[in-house]
Amino acid sequence: MFVASKAVALQRELGRFALIQPLELDRVEIVAGLDVGYRKSLGYAVALAYDVRNQREVCWVAVSSEVEIPYVPGLLAFREAPLMVAALKELVEQCTEIDVVMVNGHGLAHPRRAGIATHIGLALDMPSIGIAKKKLFGDLVEENGRVAIYVEKQKVGYVVEYRGAKTFVTVGHRVDPDTALELALRIWREGARFPEPIELADKVSKKVAKELG
DNA sequence: GCGACAG
DNA sequence: ATCTTGTCGC
């Protein structure tokens, strides 16, 4: 069964292994977007591959399962990461290898440096970036025309604002704040709420959850 | 006690 | 996140 206190203890340990380091964007060809849509307690995780150079969707896969763990702020990873990882593995088997993964949720902007994007990056030992619509944890600091988000004096990401709508781009694992932001902006349609991989995975997961049962 | 609280 | 269509406004 799920014990919140145990989950919290595990995150304190996990967070210590997250790496903030530069990532060579010239070598990033495919970015995967991960999101989960629901119909009642049935979750549908979608993993979608996006080609950075050609600015286009490559393919996507969806996997579903009954989701038993409740949503608790700070513990989202225990509820959604298992399905997301299953979807990502399916994507790699059925379609293509990927270089970076973007996850709907936060990365290091978390009370224990262990948001869902960090959990997934560490689990797969791969660069990961969190993309979220609302703040969970951290301090917002204005820096030359931009808003950065800090956790314990350490910069972990940025806020992208467009016509009042904010989107948080945070480090998950094996990437740094500036590189994460630059990559996200390279694949962000003008006026869209999220970078394309997440924008598309979000729409597909909702549609799949609605059409199937 | 009060405010905050990813999806 | 999800339950849910149309409608008011730029």
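Keep in mind that what you see is a predicted model, and the values were worked out from it rather than measured. Residue numbers begin at 1 in each chain, while the letters A, B, ... track the order of the sequences.
- As rounded to whole Å, 20 Å separates atom C1' of C:dT4 from atom OH of A:Y38.
- Here B:dC5 presents its P atom at 15 Å from CZ of A:R112, a figure rounded to the nearest Å.
- Taken together through direct or relayed side-chain contacts under 4.5 Å among Ile, Leu, Val, Met, Phe, Trp and Tyr, A:I131 and A:L76 form parts of separate hydrophobic clusters.
- Using a 4.0 Å heavy-atom criterion, one finds that A:L83 contacts no nucleic acid atom at all.
- A:I69 and A:M84 are not part of a single hydrophobic cluster, where members link through side-chain heavy atoms under 4.5 Å apart.
- At a threshold of 4.0 angstrom between heavy atoms, the contacts of A:G37 are confined to the sugar-phosphate backbone, with no base atom among them.
- Here the side chain of A:R79 is nearest to one of B:dG7, B:dA6, C:dA1, namely B:dG7.
- Residue A:K133 places at least one side-chain N or O closer than 4.0 Å to OP1 or OP2 of C:dA1.
- Look at A:Y71 and the base of B:dG7; the rings stack, centres closer than 5.5 Å and planes less than 30° apart.
- The distance between atom CZ of A:F168 and atom C1' of B:dA4, rounded to the nearest whole Å, is 13 Å.
- Under the 6.0 Å cut-off for aromatic ring centres, A:F78 and A:H119 qualify, their centroids lying closer than that.
- A side-chain donor-acceptor contact under 3.5 Å links A:E80 and A:Y38.
- The NZ atom of A:K203 sits 19 Å away from the C1' atom of C:dT2 (whole-angstrom rounding).
- The nearest whole Å value for the distance from the CG atom in A:L140 to the C1' atom in B:dA4 is 14 Å.
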Ignoring hydrogens and angles, write down the donor-acceptor pairs under 3.5 Å from the side chains of residues 54-63 of chain A, residues two or more places apart or on other chains.
residue	atom	partner	partner atom	Å
A:N54	ND2	A:D51	OD2	3.0
A:Q55	NE2	A:V52	O	3.0
A:Q55	NE2	A:R186	O	3.1

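- Following rounding to the nearest Å, A:K135 (NZ) and B:dA6 (P) show an atom-to-atom distance of 11 Å.
- With rounding to whole Å, A:I69 atom CD1 is found 18 Å from B:dA6 atom P.
- One interatomic measurement links the two molecules: CG of A:D202 to P of B:dG7, which rounds to 10 Å at whole-angstrom precision.
- Regarding contacts with the backbone of B:dC5, every side-chain N or O of A:K134 stays at 4.0 angstrom or more from both OP1 and OP2.
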